[in-house]
S.K.: 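Before I ask anything, here is the structure I am working with.
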Amino acid sequence: MFENLQSKLDKAFKTLKGHGKISEINVAETVKEIRRALIDADVSYKIAKDFTAEVKDKALGQNVLTSISPGQLMTKIVHDELVHLFGSTTSELNLKGSPTIILIAGLQGSGKTTFSGKLAKYLLSKGRSPLLVAGDVYRPAAINQLQVLGEQIDIPVFAELDNKSPVDIARKAVLFAKNTSRNVVIIDTAGRLSIDEAMMREIRQVKDAVNPHEILFVVDSMTGQDAVNTAKAFNDVLNFDGVVLTKLDGDTRGGAALSIKSVVDKPIKFVSNGERMDAISIFHPDRMANRILGMGDIVSLVEKAQENYNEAEAERLQRKINKNEFNFDDFLKQLQQIKKMGNLKDLMGMIPGVGKAVKDIDISDDSFKTIEAIIQSMTPKEREKPELLNGSRRKRIAIGSGTSVAEVNKLVKQFDDMRKMMKSFNKVKSMGFGKLPSGK
Ligand SMILES: Nc1nc2c(ncn2[C@@H]2O[C@H](COP(=O)(O)OP(=O)(O)O)[C@@H](O)[C@H]2O)c(=O)[nH]1
Ligand SMILES: [Mg+2]
């Protein structure tokens, strides 16, 4: 999904070079590339332009922390902006009313009938008892299609083969639902190949007749900008409640998904990614942004680094490392810092290059406990000056910390290795990870 957009954004982030702050100069090329990537994904020029203006604003003047690269920071900024574009929060279905009436609208072929089945199955799994309604009365095949789906997922279908009035069918179906204790009525409707006045009038009449609690507009995400125009036309007539994006399993470029919320100001509620009845998911803006960027791990890394960054402390450490004065106290503090950020192995894995650099140094989350115990058994002087740790002191520390001399020796050795490693990175600030290679 969105592979093309993903690789273009990725490329854009890689053009961002430089250190310290993101500036007007080093961000210009990246922003241009991001805009191009969006337009190539069939996002309208205006949305792409507004999007990149916002990204640029947010990026300018931001400090690039040493534990992340400018490209990683940019990834995070673009991620946040994508989430914003998608409407930020997950929108639930309105399931009030007894029965809850859900009207499904959209063009022919957009996936309405398939989605109606999926939604029914989904709601059944949530403990609801849905009724499907065959409101596409013009083609017998359409009614049959819904009946076949209904049978497959074990959900009743209300259909009247000889009745050509969708309004009448919808009304009767609601009554039928009440009489048979079905608490959700899902009305599938007829679509046309393009926006058509008669179709709009008809679906509007169905709406007025049954007063749905939820009107979902179904749109084929492969149709790009067209999808956005269709959405607008439907919204003008129906004032629908939410959007369903179908066929996300195809090689859709992403334009529809990215634009629709900002054009109609209605949330995307569901996405469909396949023909099977279980190919339905609730739309989560943040997860979608992660998928588009294909870099969710970097986003959380940047978040964690930003949460835990303390500039003054970083500078203090920097000076100590330069003077080779980094000691066990600092080490302990850094460990505690790292622990706050979560699972160490995961963190290491997120950082390009570092995982490899420390692969022979055994610092697992569990060994934190031992390390902490050992350091805490050292006197302040010993922590400050690891050189003091002779044989008898090590023995005392081993006893005090409930470990062995071998373990103390191992830690001292690791600490030494780490000091060397840190010095070998050209600049070290926070978290003892050192300056990272740029790129992601
Ligand atoms: N790949 C894929 N195909 C879908 C999806 N949703 C629907 N389809 C297919 O698209 C075609 C039209 O779907 P249908 O539900 O009949 O659309 P309707 O005319 O709006 O009712 C059918 O062949 C479906 O199997 C989806 O999410 N992914
Ligand atoms: Mg249909």
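Counting convention: from 1, in listed order, for ligands and their atoms alike. What you are looking at is a predicted structure, and each value in this text was computed from that prediction instead of being measured.
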S.K.: Please write down residue, atom name and distance for the protein heavy atom closest to atom 28 (N) of ligand 1.
M.R.: D249 OD1, 2.9 Å
S.K.: Taking only heavy atoms of L107 into account, list the atoms of ligand 1 that are under 4.0 Å away from them.
M.R.: 20 (O)
S.K.: Closer than 4.0 angstrom: is that true for some heavy atom of G106 and an atom of ligand 1?
M.R.: no
S.K.: Which of the atoms in ligand 1, numbered in the order shown and given with their element, are less than 4.0 Å from a heavy-atom of K112?
M.R.: 15 (O), 17 (O), 18 (P), 19 (O), 20 (O), 21 (O)
S.K.: To which protein heavy atom is atom 8 (N) of ligand 1 closest, and what is the distance rounded to 0.1 Å?
M.R.: K247 CE, 3.8 Å
S.K.: Taking 4.0 Å as the limit for heavy-atom contacts, which would you say applies to N273 with ligand 1: side chain only, backbone only, both, or neither?
M.R.: backbone
S.K.: Give a yes-or-no answer on whether the side chains of N4 and D40 include a donor-acceptor pair shorter than 3.5 Å.
M.R.: no
S.K.: With the Mg ion (ligand 2) as the centre, enumerate protein N/O/S atoms below 2.8 Å in chain and residue order.
M.R.: T113 OG1
S.K.: State whether the shortest distance between N or O atoms of T113 and N or O atoms of ligand 1 falls below 3.5 angstrom.
M.R.: yes
S.K.: Does H284 have more than 12 heavy atoms from other residues, nucleotides or ligands lying within 6.0 Å of its NE2?
M.R.: yes
S.K.: Quick one: does G274 get an N or O within less than 3.5 Å of an N or O on ligand 1?
M.R.: yes
S.K.: Scan T100, N183, I155, V184 and name whichever one has a side-chain contact (heavy atoms from CB on, under 4.5 Å) with L123.
M.R.: V184
S.K.: Could you walk me through whether F115 and F270 pass the ring-ring contact (aromatic ring centres under 6.0 Å, His included) test, one step at a time?
M.R.: CA-CA 9 Å; F115 176 75; F270 287 96; 5.7 Å; yes
S.K.: Just one of M199, Q205, R204 clears the side-chain contact (heavy atoms from CB on, under 4.5 Å) bar with R201, so which one?
M.R.: Q205
S.K.: Using a plain distance cutoff, I'd like to know if T114 has any nitrogen or oxygen under 3.5 Å from a nitrogen or oxygen of ligand 1.
M.R.: yes
S.K.: Please tabulate, for the side chains in residues 137-146, all donor-acceptor contacts under 3.5 angstrom to protein atoms that are two or more places apart in sequence or on a different chain.
M.R.:
unit_1: Y138; atom_1: OH; unit_2: E202; atom_2: OE1; d: 2.1
unit_1: R139; atom_1: NH2; unit_2: D136; atom_2: OD2; d: 3.1

S.K.: Starting from atom 17 (O) of ligand 1, what is the nearest protein heavy atom, named by residue and atom, and what distance separates them?
M.R.: G111 N, 3.0 Å
S.K.: Cationic tip of K266 within the cone over F240's six-membered ring, i.e. under 6.0 Å and within 45° of the normal?
M.R.: yes
S.K.: Closest non-hydrogen protein atom to atom 19 (O) of ligand 1, residue and atom name please, with distance?
M.R.: G109 N, 2.7 Å
S.K.: Quick one: are the ring centres of F415 and F331 less than 6.0 Å apart?
M.R.: yes
S.K.: Where do K261 and G87 come nearest, in terms of heavy atoms and distance?
M.R.: CE-CA, 3.6 Å
S.K.: Can you sort out which atoms of ligand 1 are near K118, meaning under 4.0 Å from one of its heavy atoms?
M.R.: 27 (O)
S.K.: As an exercise, identify every atom of ligand 1 less than 4.0 angstrom from a heavy atom of Q145.
M.R.: 14 (P), 15 (O), 16 (O)
S.K.: So for atom CD, which belongs to E151, do other residues, nucleotides or ligands contribute more than 12 heavy atoms lying within a distance under 6.0 Å?
M.R.: no
S.K.: Assess whether atom CG of N179 is packed by more than 12 heavy atoms of other residues, nucleotides or ligands within 6.0 Å.
M.R.: yes
S.K.: Within a 6.0 Å radius of atom CZ on R36, are there more than 12 heavy atoms belonging to other residues, nucleotides or ligands?
M.R.: yes
S.K.: For ligand 1, which part of D188 has a heavy atom less than 4.0 Å away: the side chain, the backbone, both, or neither?
M.R.: neither
S.K.: Within the structure, is a non-hydrogen atom of A279 found at a distance of less than 4.0 Å from ligand 1?
M.R.: no
S.K.: Does an N or O anywhere in L248 fall below 3.5 Å from an N or O of ligand 1?
M.R.: no
S.K.: Could you work out, for atom 25 (O) of ligand 1, the closest of R276, R192, E275, R139 by heavy-atom distance?
M.R.: E275
S.K.: Would you indicate whether K96, at its atom NZ, is surrounded by more than 12 heavy atoms from other residues, nucleotides or ligands within a distance under 6.0 Å?
M.R.: no
S.K.: Return yes when atom CD of E92 has more than 12 non-hydrogen atoms of other residues, nucleotides or ligands closer than 6.0 Å, and no otherwise.
M.R.: no
S.K.: N/O of Q108 under 3.5 Å from N/O of ligand 1, yes or no?
M.R.: no
S.K.: Does E160 form a salt bridge (charged side-chain N to carboxylate O under 4.0 Å, His left out) with K172? I'd like the steps, not just the answer.
M.R.: CA-CA 10 Å; E160 288 192 333; K172 283 183 178 163; 3.3 Å; yes
S.K.: Take every heavy atom of V218, measure it against each atom of ligand 1, and state whether any distance is under 4.0 Å.
M.R.: no
